[in-house]
Amino acid sequence: MLDQRLRALLTGMPKAELHIHIEGSLEPELIFALAQRNGVQLDYPSVEALRQAYDFSDLQSFLDIYYAGASVLLKEQDFYDMTAAYLARAHADNVRHAEIFFDPQTHTARGLPFETVINGIWRACQDSPISASLIMCFLRHLSEDEAIATLEESLPFRDKFIGVGLDSSEVGHPPEKFARVFERARQLGLHLVAHAGEEGPPSYIDSALDVLNVERIDHGVRCLESPELVERLAREQMALTVCPLSNIKLRVFDVMGTHNLRRLLDAGLAATVNSDDPAYFGGYINQNFLAAFEALPLDETHARQLARNSFAAAFVEPERKRAWLAEVDAFFANA
Ligand code: HPA
Ligand code: ZN
């Protein structure tokens, strides 16, 4: 059991969330409400039946149901409501700043205009109780040409997002497949991140760094299989956006007690804790902290380190970063 003090520190500490797919924050209740509002027929008779289906064997088995859930999103207001609900929830967890992934191709493939998606999400960020910015992800099971077309489509909205990422089915879709589109995004001054080393091998982390020139690695937990890679990630203080509950639900690790978060920190890596797809994996960011600290030998010094790492890795002006880091230090000094 976590003691009261550590629990209060984890939940109360200021933090940034750097790995959250907004479509993965869509709770079953909101899926049903939007289905009704939009006249969409769902394959599940009830909220409970849908939640029962959240029993995944790997990343793909999750993605199939995650894309089905997103099919209820039709209007700009739907994207607004989904995003506003996440931001309120993150605010309650003392998240000060969120960098939010969205998957435009999931929606444009269904015939929705790009602007419907981004305008709804962006407007909710403008009305947000916390700082929020957007990272547009390309679906790696689709072709690079489709990613390039999506990047072109996004250009009229260039001021509404800060970076690009790479998500969806990892194995068989290595970073190299997206070399040209990432180079184009880099030229546009966008920040670059990619999922790598979740289910894919450590070599995918190497190529995300060397070929795509990413500034953070999403997940990255399989890096420990390569000592050379760990040495490099530590030297470069490359942030890893680790998602503990996701890793258990998608069976990257059997149980939380075997998760490698403590080993990543012991290796000097800039790990952070995040929620990935909180509506599907059993909890928002504080629940991820509590579950990891409950199962692993992690203490107050690790909590502080993880909070600091989250702000250090954020894509924000140095001055805002310094202010948040000072807030973390003050929080622990006064605790
Ligand atoms: N991995 C890859 N793609 C995703 C994920 C993830 O954890 N969540 C949503 N899309
Ligand atoms: Zn993810």
Side-chain angles (χ1 to χ4, degrees), residues 16-27 31 54-71 73 79 82-83 86 90 98-109 117 121 134-142 146-147 150 163-175 177-178 191-201 204-205 208 212 214-223 239-253 259-261 271-285 287-288 310 313:
E17 173 143 71
L18 306 177
H19 187 157
I20 157 78
H21 301 264
I22 199 62
E23 294 89 349
S25 75
L26 201 49
E27 293 286 346
I31 291 180
Y54 294 178
D55 180 21
F56 312 116
S57 52
D58 57 10
L59 175 58
Q60 193 59 51
S61 65
F62 154 70
L63 291 170
D64 293 342
I65 205 159
Y66 160 84
Y67 295 131
S71 70
L73 297 160
F79 289 91
M82 168 177 68
T83 308
Y86 163 71
E99 297 182 2
I100 300 174
F101 296 140
F102 69 110
D103 287 345
Q105 290 165 299
T106 297
H107 315 295
T108 54
V117 179
I121 298 172
L134 298 176
I135 296 176
M136 176 172 77
C137 284
F138 304 117
L139 299 180
R140 66 202 303 160
H141 66 276
L142 301 179
E146 287 166 291
T150 298
V164 301
L166 192 60
D167 64 3
S168 188
S169 323
E170 185 182 4
V171 174
H173 303 285
K177 180 177 162 185
F178 295 92
H191 286 291
L192 308 178
V193 299
H195 284 53
E198 178 187 18
E199 284 189 346
Y204 282 23
I205 301 175
L212 302 185
V214 299
E215 301 160 80
R216 294 196 299 247
I217 296 287
D218 295 313
H219 293 294
V221 290
R222 287 194 60 191
C223 71
L240 305 181
T241 61
V242 177
C243 306
L245 286 172
S246 167
N247 291 156
I248 305 312
K249 293 287 182 196
L250 302 187
R251 314 229 184 136
V252 173
F253 298 93
H259 195 284
N260 66 11
L261 178 60
T272 63
V273 166
N274 306 271
S275 69
D276 209 4
D277 300 282
Y280 292 89
F281 299 151
Y284 289 78
I285 193 168
Q287 213 50 51
N288 275 271
S310 73

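In listed order, ligands and their atoms are each counted from 1.
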Exercise. Hey, are Arg216 and Glu99 close enough for a salt bridge, meaning a charged N less than 4.0 Å from a carboxylate O?
Worked result: yes

Problem set entry | Closest protein heavy atom to atom 3 (N) of ligand 1, given as residue, atom name and distance to 0.1 Å |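 Checked against all protein heavy atoms, atom 3 (N) of ligand 1 sits closest to Ser168 N, 2.8 Å.
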
Problem set entry | atom 5 (C) of ligand 1: the protein heavy-atom neighbour that sits closest, reported with distance to 0.1 Å | His21 NE2, 3.6 Å

For this session: Report the name of the N/O/S atom of Asp276 located nearest to the Zn ion (ligand 2).
Result: OD1

Exercise. How is the N/O/S atom of His19 that comes nearest to the Zn ion (ligand 2) named?
Worked result: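 The closest N, O or S atom of His19 to the Zn ion (ligand 2) is NE2.
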
Exercise. Out of curiosity, Cys243 SG to Ile285 CD1, how far, rounded to the nearest 0.5 Å?
Worked result: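 Answer rounded to 0.5 Å: 9.0 Å.
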
Exercise. Angle at the Zn ion (ligand 2) between NE2 of His195 and NE2 of His21, to 10°?
Worked result: 90°

So, is [X] placed with an N/O/S atom under 2.8 Å from the Zn ion (ligand 2), counting both backbone and side chain?
X	answer
Cys243	no
Asp167	no
His219	no

Exercise. Does an N or O from Ser246, backbone or side chain, lie closer than 3.5 Å to an N or O of ligand 1?
Worked result: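 So ligand 1 has no N or O lying under 3.5 Å from an N or O of Ser246.
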
Exercise. Judging by distance only, is a nitrogen or oxygen of Asp277 under 3.5 angstrom from one on ligand 1?
Worked result: yes

May I ask you to list the atoms of ligand 1 that are less than 4.0 angstrom from any heavy atom of [X]?
X	result
Leu59	1 (N), 2 (C), 6 (C)
Glu198	1 (N), 2 (C), 6 (C), 7 (O)
Phe62	8 (N), 9 (C)

Aromatic ring pairing [X]/[Y], orientation class (parallel under 30°, perpendicular over 60°, tilted between):
X	Y	result
His107	Phe79	perpendicular
Tyr66	Phe62	tilted
His219	His195	perpendicular

Problem set entry | Winner among Ile20, Asn247, Asp276 once heavy atoms are compared against atom 7 (O) of ligand 1 | Asp276

